[in-house]
Protein chains: 2
Amino acid sequence: MTVRQDVHSAGIPVLCQSCEARHRGVCGALDPDQLVGLARISSKHTIEPGAELIGDAETVDSYSNVLSGVVKLTKSLSDGRQQIVGLQFAPDFLGRPFKVESAINAEAATAVSLCSFPRASIERMMRESPELEHRLLKQTLNELDEARDWMVTLGRKTAAEKVASFLLMIARNIDPTLDPATNVTSFELPLTRADIADFLGLTIETVSRQLTRLRTDGLIRIENNRHVTVTSLTRLASRSGA
Amino acid sequence: MTVRQDVHSAGIPVLCQSCEARHRGVCGALDPDQLVGLARISSKHTIEPGAELIGDAETVDSYSNVLSGVVKLTKSLSDGRQQIVGLQFAPDFLGRPFKVESAINAEAATAVSLCSFPRASIERMMRESPELEHRLLKQTLNELDEARDWMVTLGRKTAAEKVASFLLMIARNIDPTLDPATNVTSFELPLTRADIADFLGLTIETVSRQLTRLRTDGLIRIENNRHVTVTSLTRLASRSGA
DNA sequence: CGGGGAATTGAATTAAATCAAGAACGGTGG
DNA sequence: CCACCGTTCTTGATTTAATTCAATTCCCCG
């Protein structure tokens with residue numbers, strides 16, 4: 001065990017040793033030397049729930065990997081109506097390359113920890129390492145698939161189906177190892193009712209009513225507002241419209 | 001003029017000479033040699049309106065550039081409810097790299113002409129030419145931005161705002177040179193009312209009523225159902241909720 | 001224990017969907 | 001060229017899902 005550890009982590013910076021981004025995230029594209037170079041200029045932060053990470057139309061000069069927690073990406077209309085257009089979980093890459101301005105807001109939904117690097121360094125590494133850009137393309141394609149799935153949910157599902165779909169999506173992202181065979185799972189909701197409403201294009205009252213319905217129908221249990229236990233993923237899925 | 005032409009098109013395949021994809025599309029990443037190689041294995045098609053280009057869950061073994069016309073990308077729920085999740089105009093690249101199955105349907109909304117290449121060739125060229133992958137990443141990031149913009153429209157705008165937003169989007173895509181100063185423009189709608197409804201998450205009746213409203217309010221004129229003249233882009237924009 | 005934001009619940013309202021005719025359009029063939 | 005047909009689109013009347021408005025109730029935290 002010790003030996004295996006030594007072999008595997010030879011030359012890998014301490015900062016990166018147990019980092020998920022090195023395995024499933026973009027850093028997997030880097031060899032130990034590059035990792036050392038990047039680790040030297042990167043820094044770990046923890047962010048309070050509610051803190052803004054990227055402001056609308058603000059210039060972005062750093063990129064990050066999400067190490068833990070949930071980041072919500074939002075867009076707003078001029079009169080204040082808001083829509084959550086994506087959620088990022090570990091080990092997602094956060095930031096919009098090749099544009100000086102971000103058209104979206106990013107905000108910590110829960111406590112979040114990030115590993116951040118200066119914009120210029122990543123862009124240089126991307127030019128040097130096609131594999132890094134390749135990983136980023138793959139993540140972007142996945143995000144595009146997710147966004148399009150949500151468009152179906154937003155445009156064509158009923159309130160009941162939206163809420164069921166949302167719970168399923170969260171369950172799968174919080175616990176990515178979730179076996180399709182298991183039928184029961186539980187998790188902390190990373191979003192408030194207001195956030196869920198902004199994600200689903202509904203009002204908080206409608207979200208609340210639909211959750212109550214799922215609860216009284218015995219598909220879920222809710223403790224302390226945030227802790228959800230799904231007692232039948234199958235039944236939940238059948239109400240999600242998919 | 002003749003001289004300039006000759007210099008610029010030296011070694012460029014006839015097929016690609018006047019192709020927009022060479023300028024604004026992914027083929028701009030290729031040098032004349034690569035272009036010749038690709039042109040040898042690529043073929044131009046024209047597709048009837050309504051023809052299916054990529055079937056849901058079908059294996060995709062070719063990619064294409066859109067040369068003209070409009071392609072709609074759709075997703076459906078099991079009970080038939082449909083959502084259009086994107087539109088592709090020239091010179092967009094069509095296809096989902098790195099996945100054997102496509103999760104979406106692609107269908108010609110208008111008459112479409114395509115330039116298609118075998119899947120394997122493009123993937124090989126992508127490995128050889130990071131610049132090609134870079135272009136693709138940029139297009140994908142743009143599509144992601146568009147998808148997220150639409151999520152706001154789907155989730156948070158009223159029917160009236162949705163229809164106004166749709167007309168603006170079409171006007172800008174049909175005529176990409178559209179000067180923000182000009183206030184009047186006209187175009188053929190590439191979609192039927194049913195398509196528009198599927199795009200906006202509405203019913204055809206609601207789309208029709210909103211178009212009638214814009215017409216009676218003097219913002220647009222409609223001839224023969226499909227030909228739209230926007231008489232005030234400014235007023236249209238102010239009704240789009242942005 | 002008590003204050004304050006978050007969530008739930010109920011009643012009334014409304015925007016959009018549904019149901020139901022017609023009208024306009026675009027091919028086709030006489 | 002015009003009459004016919006099927007499709008697409010428009011318009012109107014009604015219904016309904018979700019919003020809005022309005023109290024409570026429930027948690028969390030000091």
Side-chain angles (χ1 to χ4, degrees), chain A residues 48-50 72 77 79-83 109-111 153-167 188-217 220-228 239 241, chain B residues 48-50 72 77 79-84 107 109-111 153-167 188-217 220-228 239 241:
Chain A
E48 302 280 286
K72 54 181 190 183
L77 299 176
D79 64 358
R81 280 173 288 174
Q82 196 173 70
Q83 176 68 43
T110 64
T153 302
L154 287 171
R156 288 302 184 200
K157 290 190 186 175
T158 65
E161 291 168 337
K162 285 179 178 181
V163 171
S165 304
F166 170 76
L167 292 175
E188 289 297 307
L189 273 180
L191 303 185
T192 65
R193 301 293 188 272
D195 285 337
I196 300 173
D198 281 349
F199 195 67
L200 297 175
L202 299 170
T203 59
I204 53 176
E205 292 94 330
T206 301
V207 170
S208 179
R209 279 185 245 274
Q210 297 303 333
L211 286 173
T212 303
R213 198 150 199 292
L214 290 172
R215 193 158 39 73
T216 57
D217 290 357
I220 61 172
R221 272 182 289 127
I222 303 181
E223 282 136 304
N224 300 341
N225 284 338
R226 291 292 195 110
H227 190 82
V228 175
R239 292 207 187 188
Chain B
E48 301 281 284
K72 53 181 192 185
L77 299 176
D79 64 358
R81 280 173 288 174
Q82 195 173 71
Q83 177 68 42
I84 294 183
E107 188 182 320
T110 63
T153 301
L154 288 171
R156 288 303 185 199
K157 290 189 185 175
T158 64
E161 290 168 338
K162 285 179 178 182
V163 171
S165 304
F166 170 77
L167 291 176
E188 289 300 305
L189 273 181
L191 303 185
T192 65
R193 302 293 188 270
D195 285 337
I196 300 174
D198 282 348
F199 196 65
L200 297 174
L202 299 170
T203 59
I204 54 176
E205 292 95 329
T206 301
V207 169
S208 179
R209 279 185 245 275
Q210 296 303 333
L211 286 173
T212 303
R213 199 150 198 293
L214 290 172
R215 193 159 39 73
T216 58
D217 290 357
I220 61 172
R221 271 181 292 127
I222 302 181
E223 282 136 303
N224 301 342
N225 284 339
R226 292 290 196 108
H227 190 82
V228 175
R239 291 206 186 188

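Every chain is numbered from 1, with letters handed out A, B, ... down the list of sequences. Atoms considered below: every heavy atom in the structure, side chains included; atoms not considered: hydrogens, waters and symmetry mates.
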Hey, does the side chain of S208(A) come within less than 4.0 Å of dT9(C)'s phosphate (OP1/OP2), counting only N and O? no
Basic-acidic side-chain contact under 4.0 Å: D217(B), R239(B): yes
Under the side-chain hydrogen bond (donor to acceptor under 3.5 Å, both in side chains) test, which residues partner T206(B), sequence neighbours left out? T203(B)
I204(A) CD1 - dG5(C) P separation (whole Å): 14 Å
Can we say R226(A) and E188(A) salt-bridge, meaning some charged N sits less than 4.0 Å from an Asp/Glu carboxylate O? no
E188(B) atom CD is separated from dC25(C) atom P, nearest whole Å, by 14 Å
Pick from T153(A), V207(A), L191(A), L202(A): which one makes a side-chain contact (heavy atoms from CB on, under 4.5 Å) with F166(A)? L191(A)
Is the backbone of I204(A) close enough, under 3.5 Å, to the side chain of S208(A) for a donor and an acceptor to pair up by distance? no
Rounded to whole angstrom units, what separation is found between the CZ atom of R215(A) and the P atom of dA7(C)? 13 Å
Numerically ordered, the residues 220-228 of chain A set in heavy-atom contact under 4.0 Å with DNA chain C is N225(A)
For nucleotides 3-7 of chain D, which of its nitrogen or oxygen atoms have a protein nitrogen or oxygen under 3.5 Å away, and what is each distance?
none

I'd like to know whether CD of E48(A) has more than 12 heavy-atom contacts from other residues, nucleotides or ligands below 6.0 angstrom. no
Donor-acceptor pair, side chain of R156(A) and main chain of Q83(B), under 3.5 angstrom: no
May I have the distance from R81(B) (atom CZ) to dA17(D) (atom P), rounded to whole angstrom? 13 Å
Report the distance from atom CG of L214(B) to atom CD1 of I222(B), rounding to the nearest 0.5 Å. 8.0 Å
How close or far is atom P of dA18(D) from atom NZ of K162(A), stated in whole angstroms? 8 Å
With B for base contact, S for sugar-phosphate-only contact and - for none (protein heavy atoms under 4.0 Å), nucleotides 14-23 of chain C reads --SSBB----
R213(A) CZ to dT9(C) C1': how many Å, rounded? 15 Å
Using whole Å, what does the distance between atom P of nucleotide dC28(D) and atom CG of L189(A) come to? 13 Å
Is the CZ atom of R213(B) crowded by more than 12 outside heavy atoms at less than 6.0 Å? no
Under the side-chain hydrogen bond (donor to acceptor under 3.5 Å, both in side chains) test, residues paired with N225(B) that sit two or more places apart: none
Compute the bend angle of the helix from dC1(C)-dG30(D) to dG30(C)-dC1(D) from the end axes (five pairs per end), rounded to 10°. 40°
Tell me: CZ of R193(B) to P of dA24(C), nearest whole Å? 14 Å
